[in-house]
Amino acid sequence: MRTHRRLSRGIGVAFAAAVAMLAAIGPAAAATPAAVEIVSHMDFNQEGGFNTGDFEASGAAVDQGLICESGTVEDTRIIFAGFQSPTGRIQIPVRKTFTCDDGSGEIFIKIQVHLDLSSQTETFSWVVLGGTGDYSDLRGSGRGTTVGDGSEPQTGNFNNYFGFLIG
């Protein structure tokens with residue numbers, strides 16, 4: 001009888017733990033990624049500081065309130081990580097802070113720039129590192145491209161982000 005009670009108690013504890021675990025991960029697992037497109041115009045800082053710019057976001061992530069529609073961007077860290085000599089590629093990790101115009105918070109993003117010197121193209125991957133305010137639980141990632149802004153001499157560019165966000 002004593003063994004039966006211990007076994008029943010053990011099964012009950014295991015069941016309760018499983019239910020608690022499912023309750024905790026259920027809402028996170030239920031979150032559906034929402035598509036986002038962000039276009040950011042960046043001005044190169046000619047005096048050695050960080051680049052600054054603005055952004056506009058669109059897509060289901062904006063419609064669902066996962067990200068604001070517009071704001072400012074500032075590069076907060078740039079590292080020239082390395083030159084891959086035989087391939088003519090340079091890797092540049094850049095951290096950016098997106099600040100929403102509506103005061104809802106900030107979003108911290110890291111992009112990994114892939115500069116190909118032979119084709120004169122720049123692409124990047126990006127990931128959300130965190131945020132403040134409405135964006136403290138924001139997650140997401142994607143890919144992007146960079147094109148010049150047409151200025152002569154070039155004083156800025158456009159970063160085009162494509163990906164998904166989860167709030």
Side-chain angles (χ1 to χ4, degrees), residues 27-29 31-167:
T32 303
V36 67
E37 180 177 345
I38 303 169
V39 177
S40 171
H41 179 259
M42 297 299 292
D43 293 312
F44 302 149
N45 187 328
Q46 305 299 317
E47 299 180 20
F50 288 119
N51 301 327
T52 59
D54 55 28
F55 76 92
E56 290 186 10
S58 61
V62 173
D63 299 340
Q64 294 175 23
L66 297 177
I67 186 172
C68 59
E69 290 184 25
S70 63
T72 59
V73 182
E74 181 178 12
D75 292 349
T76 58
R77 185 174 177 195
I78 299 174
I79 301 171
F80 290 93
F83 178 72
Q84 300 170 357
S85 56
T87 63
R89 295 185 186 133
I90 299 173
Q91 303 293 316
I92 308 168
V94 180
R95 291 196 182 185
K96 296 177 173 278
T97 298
F98 288 67
T99 303
C100 292
D101 284 339
D102 62 7
S104 55
E106 296 177 318
I107 302 164
F108 310 118
I109 292 180
K110 176 186 174 191
I111 70 171
Q112 181 72 33
V113 176
H114 313 283
L115 179 59
D116 188 326
L117 298 175
S118 63
S119 66
Q120 298 285 316
T121 60
E122 184 177 309
T123 60
F124 59 89
S125 54
W126 61 271
V127 64
V128 174
L129 298 175
T132 65
D134 290 352
Y135 313 109
S136 60
D137 293 327
L138 188 66
R139 295 168 296 166
S141 63
R143 300 223 171 263
T145 60
T146 300
V147 295
D149 67 359
S151 56
E152 283 291 329
Q154 187 172 350
T155 58
N157 63 21
F158 286 97
N159 294 320
N160 301 294
Y161 298 74
F162 306 95
F164 295 90
L165 296 175
I166 299 172

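Side chains included, hydrogens not; waters and symmetry mates left out as well; all remaining heavy atoms used.
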Exercise. For Thr97, check side-chain contact (heavy atoms from CB on, under 4.5 Å) against everything at least two apart and list the hits.
Key: Thr76, Thr99, Glu106, Phe108
Practice problem: Using the test side-chain contact (heavy atoms from CB on, under 4.5 Å), find all partners of Ser136 that sit at least two apart in sequence or belong to another chain. | Solution: none
Quiz item: Hey, are the side chains of Ile111 and Lys96 touching, using non-hydrogen atoms and a 4.5 Å cut-off?
Solution: yes
Quiz item: More than 12 heavy atoms of other residues, nucleotides or ligands under 6.0 Å from CG of Asp137: is that the case?
Solution: no
Quiz item: Rounded to the nearest 0.5 Å, how far does CG of Leu115 lie from OG1 of Thr123?
Solution: 9.0 Å
Self-check item: Under 3.5 Å side-chain donor-acceptor pair for Glu122 and His114
Solution: no
Quiz item: With a 4.5 Å heavy-atom cut-off, do Phe124 and Val94 have their side chains touching?
Solution: no
Practice problem: Using the side chain to side chain contact (heavy atoms under 4.5 Å, CB included) rule, pick out the option among Ile67, Asp134, Thr132 that qualifies with Ser104. | Solution: Asp134
Quiz item: Closest heavy-atom contact between Ala34 and Leu66?
Solution: CB-CD1, 3.7 Å
Quiz item: Got a sec, which residues hit side-chain contact (heavy atoms from CB on, under 4.5 Å) with Arg77, two or more places apart in sequence or on another chain?
Solution: Ile79, Arg95
Quiz item: Between His41 and Asp149, does a side-chain contact (heavy atoms from CB on, under 4.5 Å) hold up when you go through it step by step?
Solution: CA-CA 8 Å; His41 179 259; Asp149 67 359; 2.9 Å; yes
Quiz prompt | Lys110 NZ to Ser125 OG distance, which is reported to the nearest 0.5 Å | solution = 8.0 Å
Quiz item: If you look only at pairs with a residue in residues 98-167, which of them pass as a disulfide (SG to SG under 2.5 Å), with sequence neighbours excluded?
Solution: Cys68-Cys100
Please tabulate, for side-chain N and O atoms in residues 157-166, each donor-acceptor pair with protein atoms closer than 3.5 Å (sequence neighbours left out).
unit_1 : atom_1 : unit_2 : atom_2 : d
Asn159 : OD1    : Thr146 : OG1    : 2.8

Just distance, no hydrogens or angles: give the donor-acceptor pairs under 3.5 Å from side chains in residues 51-65, sequence neighbours left out.
unit_1 : atom_1 : unit_2 : atom_2 : d
Asn51  : OD1    : Asn45  : N      : 3.0
Asn51  : ND2    : Asp75  : OD2    : 3.3

Quiz item: Where do Val128 and Tyr135 land on the side-chain contact (heavy atoms from CB on, under 4.5 Å) test, with the steps shown first?
Solution: CA-CA 10 Å; Val128 174; Tyr135 313 109; over 6 Å; no
